[in-house]
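I have a structure here, written as structure tokens, and I will follow up with some questions on it.
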Number of protein chains: 2
Amino acid sequence: MPLLAEVFRELGYEGATLSRITERTGLGKGSLYHFFPGGKEDMAAAVLADIDDWFVRHIYQPLETGEPRAAIAKMWDETAAYFRSGRRICLIGVFALDATRDKFAAAIRLYFARWIDALASALRRGGLLPAAARAQAETAVLGIQGALVLARGLNDEAIFTRAVGRLARELALPERGKARPLKKGAP
Amino acid sequence: MPLLAEVFRELGYEGATLSRITERTGLGKGSLYHFFPGGKEDMAAAVLADIDDWFVRHIYQPLETGEPRAAIAKMWDETAAYFRSGRRICLIGVFALDATRDKFAAAIRLYFARWIDALASALRRGGLLPAAARAQAETAVLGIQGALVLARGLNDEAIFTRAVGRLARELALPERGKARPLKKGAP
DNA sequence: GTCTATAAAGCGATAGAC
DNA sequence: GTCTATCGCTTTATAGAC
């Protein structure tokens, strides 16, 4: 399944031909159609469901139910690792940009919507007003996608790392009242 | 040529088949191969060159040589109009995300690099330090691409308009020393 | 320049042996 | 489950009439 996902990710839906899929997964057409009776569209749908599952467990659920600051920090870590610091791109982003979107509109919409919603939820619980939380969440998710496009277009993964670092800093929640340990000489 | 560009933009390189190109442009295969002896790859290259030309004239040159504030304001206006407030997406972004990038790596890289460079130039001349100018320019171009992905993924062009508005505000150059007219009671 | 006809290869999908 | 063989169809590209 990860192999299958990688074919669609790198080649796009139209570019991922059955011959290339068999080549990279090692599975013949017979096996592929055994697992995915609906053919190529079935395979892509399964990959999208698999990705959604991963994001639910690693990103959305922690944001929705966990301690906000920790969940957001985890989100940035997982995101950087998932996209391999910009070397890997977002399959949903790839599908979203061309006519493939119309085939999988619901799944694509849900991916972005739930990410924004989950992040906004964490920001609200972290002390931001609802409108500000939503705007910040939108900015962060949008920034990740933009960073992926730019990193790939310029073939420079440093762009991604830099952008994610900046986004993470700008997303910082308001300070809590807790006193932090101070070194001597600090104000 | 605009029609040709739109086919690649909406369908991607792999999805833009010759039959769909003939269908949308009204040109038969004979005519297409007469104008583009190199076939499909030749057509895409011509479209990329055409887009580059447009951006040079409407975005890059004003940023590189014009009055910084006016050029940046013009950039936001032209950008919003060009992408039809998010209804249209970026052909170069589409090509950048899948394996098509490797076919047109130089043109794609140049598109993003020159946009960032031109914007950074305007920001420097507007009073920003070189490092800050470059970081801000990167953020802006990245934000535009992200806004396009998200607007299309969520099928909600308001996202694009909102994001571009925010990016434009955050890109604001430092105030010049000029006194602004003050209303009575202002500090 | 633009058309039709056609070539050669590749496409997604199916059938049936094993 | 996995393989090979094969079906229609579409693809890019070419040839040649007009």
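Per chain, numbering begins at 1; letters A, B, ... match sequence-line order.
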Answer with base, sugar-phosphate or nothing: what part of the nucleic acid does B:Y33 contact at a heavy-atom distance below 4.0 Å?
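Touches a base.
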Nearest 0.5 Å, what's the CZ-CG distance between A:F95 and A:D102?
12.5 Å
Do NZ/NE/NH1/NH2 and the carboxylate oxygens of B:E67 and B:R125 come within less than 4.0 Å?
no
Got a sec, which pairs hit salt bridge (Lys or Arg N to Asp or Glu O under 4.0 Å) with one end in residues 29-51 of chain A, sequence neighbours left out?
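Applying salt bridge (Lys or Arg N to Asp or Glu O under 4.0 Å) to every pair that reaches into residues 29-51 of chain A, excluding sequence neighbours, yields nothing.
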Taking the side chain from A:R152 and the backbone from A:I89, do they hold a donor-acceptor pair closer than 3.5 Å?
no
Taking 5' to 3' order, which nucleotide of DNA chain D is first and which is last to have an atom within less than 4.0 Å of a heavy atom in chain B?
D:dT11 to D:dT14
In whole Å, I'd like the distance from the CG atom of A:L32 to the P atom of C:dC11.
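Atom CG in A:L32 sits about 14 Å away from atom P in C:dC11.
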Rounded off to whole Å, could you give me the CG-to-C1' distance for the A:L27 and C:dG12 pair?
17 Å
Round to the nearest Å and state the distance from A:M43 atom CE to C:dC11 atom C1'.
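In whole Å, C:dC11 C1' and A:M43 CE are 13 Å from each other.
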Under 4.5 Å between side-chain heavy atoms, hopping through other hydrophobics if needed: is there a path connecting A:L3 to A:L48?
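Each belongs to a different hydrophobic cluster.
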Is the side chain of A:T22 donor-acceptor paired with the backbone N or O of A:S19 at a distance under 3.5 Å, no angle test?
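A pair under 3.5 Å: yes.
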Rounded to the Å, how far apart are A:I21 CD1 and C:dG10 P?
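Value for this atom pair: 17 Å.
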Report the distance from atom NZ of B:K29 to atom P of C:dT4, rounded to the nearest whole Å.
11 Å
Whichever of B:S19 and A:H34 has its nearest DNA chain D nucleotide further upstream toward 5':
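Checking each residue's closest nucleotide, the 5'-ward one belongs to A:H34.
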Quick one: label B:G30 by what it contacts on the DNA or RNA (base, sugar-phosphate, nothing), any heavy atom closer than 4.0 Å.
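The residue B:G30 makes base contact.
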